[in-house]
**Q** 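First, the structure itself, so that you have it in front of you.
For ligands, and for the atoms within them, numbers begin at 1 and follow the listed sequence.
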Amino acid sequence: MSLYRGRFAPSPTGELHAGSLVAAMASYLDARAHDGAWLVRIEDIDPPRDIPGAGDSILKTLASLELFSDEPVLWQHDRDEAYREALRRLTAEGFVYGCACSRKEILAEDSRLGLAPGVYPGTCRHGTGGRAVRAMRFLTTAEPVTFHDRLVGSITQNVEHDVGDFVLKRADGLWAYQLAVVTDDGFQGITDIVRGADLVDNTPRQILLARALGLPIPRYMHLPLVLNKEGQKLSKQQGATPLNPDDLKGEIDRAWQHLGFPSLGADTITAFWKAALPLWKERYV
Ligand code: GLU
């Protein structure tokens, strides 16, 4: 029995686009190539950004691509108690502190200290000086985090310097992506994360969190991004063109080529998956 457990974890901020298909395809093929499980998780923890109905619509599109989660789909809106528990545990272990800073104050302090804009300068590490707590942050250390990415190779980041103590619970009371994703990858026993390279610089933060929560560290594969004509990454939130339901074979073929394989010219979607699997296996297993 294979211990491989992979996942595709879209945020329902819009319809799946060519970039999401690349992540869905690669995570699915990698799971199948390892005789593993492939899970779908809808990351709907950000009501201001989520679009009502987008989660169901994503699942429908996946079904038309013949992609089905091996286990019931996990919806992050059901996971409030688990995130609360994770925060409780991190707090008990001394990894969490309350922060009173506004974004504007952080940017002003960054420019005063010569830090990159947005890096948290640690202002509230030793207390807020009586100011009301807005967000909860994770206490980082200067020790660099290194991991091996199956495509990109070795990556090192000093999280304290490059990001600063990062947010676990936001000022608007919502859970931060970092806390939710690590809690759920742990809960679902995910061994392998295959996703877009836009998240590669989030990975060291997630490794720090997983370590602090006593969770195993998954293997990582970050995929080359699909860019639009202006050279920007496709983003659901910014209204990237959804997959064309009338040309799913074409969409699949383009995603496959984007992953660096020659077109398979498959007649059906079923035939595509069947033909792609041994090629993926040959290259990545
Ligand atoms: N929910 C994130 C997104 O749609 C992806 C999370 C992940 O793969 O870690 O961009």
Side-chain angles (χ1 to χ4, degrees), residues 5-31 36-51 54-59 61-62 67 69 73-79 82-83 86 147 149-152 155 157 163 166-168 170 174-210 213 215-228 232-240 242-243 255 259:
R5 289 171 67 81
R7 51 46 158 207
F8 175 55
S11 306
T13 50
E15 301 284 336
L16 293 188
H17 51 64
S20 342
L21 177 55
V22 164
M25 174 179 286
S27 60
Y28 173 78
L29 285 172
D30 202 50
W38 183 72
L39 312 183
V40 176
R41 181 169 74 226
I42 303 290
E43 303 210 314
D44 56 342
I45 39 157
D46 196 343
R49 287 180 173 183
D50 295 343
I51 292 177
D56 287 322
S57 168
I58 286 172
L59 295 175
T61 304
L62 289 174
L67 296 176
S69 181
V73 171
L74 190 67
W75 293 75
Q76 288 193 326
H77 71 247
D78 288 335
R79 301 276 300 147
Y83 306 144
F147 69 99
D149 183 282
R150 288 165 62 199
L151 280 184
V152 186
I155 295 174
Q157 188 186 56
V163 181
F166 54 90
V167 171
L168 300 173
R170 296 162 27 171
L174 296 173
W175 298 109
Y177 155 67
Q178 311 294 349
L179 180 75
V181 80
V182 171
T183 302
D184 287 343
D185 283 333
F187 171 69
Q188 297 191 287
I190 299 301
T191 61
D192 285 78
I193 293 179
V194 177
R195 62 184 176 192
D198 54 321
L199 292 168
V200 79
D201 68 339
N202 287 241
T203 302
R205 271 171 272 175
Q206 294 171 15
I207 290 174
L208 284 182
L209 266 181
L213 287 165
L215 296 168
I217 310 300
R219 290 200 305 168
Y220 292 96
M221 183 188 236
H222 288 91
L223 308 160
L225 293 181
V226 179
L227 305 177
N228 64 16
Q232 301 148 331
K233 142 186 148 65
L234 300 187
S235 141
K236 293 190 216 88
Q237 233 174 296
Q238 271 143 42
L243 295 177
L259 286 164

**Q** Do the side chain of N228 and the main chain of Q232 share a donor and acceptor less than 3.5 angstrom apart?
**A**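 Yes: the side chain of N228 pairs with the backbone of Q232.
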
**Q** Test Q188 against every option in R41, R5, R7 by the side-chain hydrogen bond (donor to acceptor under 3.5 Å, both in side chains) rule and name the one that passes.
**A**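 Exactly one candidate clears the test, R41.
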
**Q** Charged N to carboxylate O below 4.0 Å: is that the case for R219 and D149?
**A**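 Salt bridge between R219 and D149, a charged N being under 4.0 Å from a carboxylate O: no.
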
**Q** Of all the atoms in ligand 1, which lie at a distance below 4.0 Å from a heavy atom belonging to L199?
**A**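 Reading through ligand 1 atom by atom, the close ones are 5 (C), 6 (C), 7 (C), 8 (O), 9 (O).
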
**Q** What is the closest protein heavy atom to atom 4 (O) of ligand 1, and at what distance does it sit?
**A**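 In this structure, atom 4 (O) of ligand 1 has S11 N, 3.1 Å as its nearest protein heavy atom.
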
**Q** Give a yes/no verdict on whether any heavy atom in Y177 is under 4.0 Å from an atom of ligand 1.
**A**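 Judged by the 4.0 Å heavy-atom criterion, Y177 does count as contacting ligand 1.
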
**Q** For K236, is the nearest heavy atom under 4.0 Å from an atom of ligand 1?
**A**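 Under 4.0 Å: yes for K236.
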
**Q** Considering only non-hydrogen protein atoms, determine which one is nearest to atom 5 (C) of ligand 1 and report residue, atom name and distance to 0.1 Å.
**A**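 Among all protein heavy atoms, the one nearest atom 5 (C) of ligand 1 is A9 O, 3.3 Å.
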
**Q** Considering only heavy atoms of P10, which atoms of ligand 1 have at least one such atom less than 4.0 Å away?
**A**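 So the atoms of ligand 1 that pass are 1 (N), 4 (O).
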
**Q** What residue and heavy atom of the protein are closest to atom 6 (C) of ligand 1, and at what distance?
**A**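 In this structure, atom 6 (C) of ligand 1 has E43 OE1, 3.2 Å as its nearest protein heavy atom.
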
**Q** Checking Y220 against Q206: is there a side-chain donor and acceptor pair closer than 3.5 Å?
**A**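 Short answer, no.
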
**Q** With a 4.5 Å limit on heavy-atom distance, are the side chains of D201 and Q157 in contact?
**A**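 Yes - at least one pair of side-chain heavy atoms lies under 4.5 Å apart.
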
**Q** Is there a polar contact, in the sense of an N or O pair closer than 3.5 Å, between V181 and ligand 1?
**A**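 Min N/O separation from ligand 1 is not below 3.5 Å for V181.
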
**Q** So is R195 polar-close to ligand 1, meaning N/O to N/O under 3.5 Å?
**A**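 Min N/O separation from ligand 1 is below 3.5 Å for R195.
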
**Q** So, are K236 and D50 salt-bridged, with charged N and O less than 4.0 Å apart?
**A**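 Looking at K236 and D50, the cut-off is not met.
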
**Q** Is a side-chain donor-acceptor pair under 3.5 Å present for N202 with Q178?
**A**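 N202 and Q178 do have a side-chain donor-acceptor pair below 3.5 Å.
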
**Q** Which of the numbered atoms in ligand 1 are below 4.0 angstrom from a heavy atom of R7?
**A**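 What qualifies from ligand 1 is 7 (C), 8 (O), 9 (O).
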
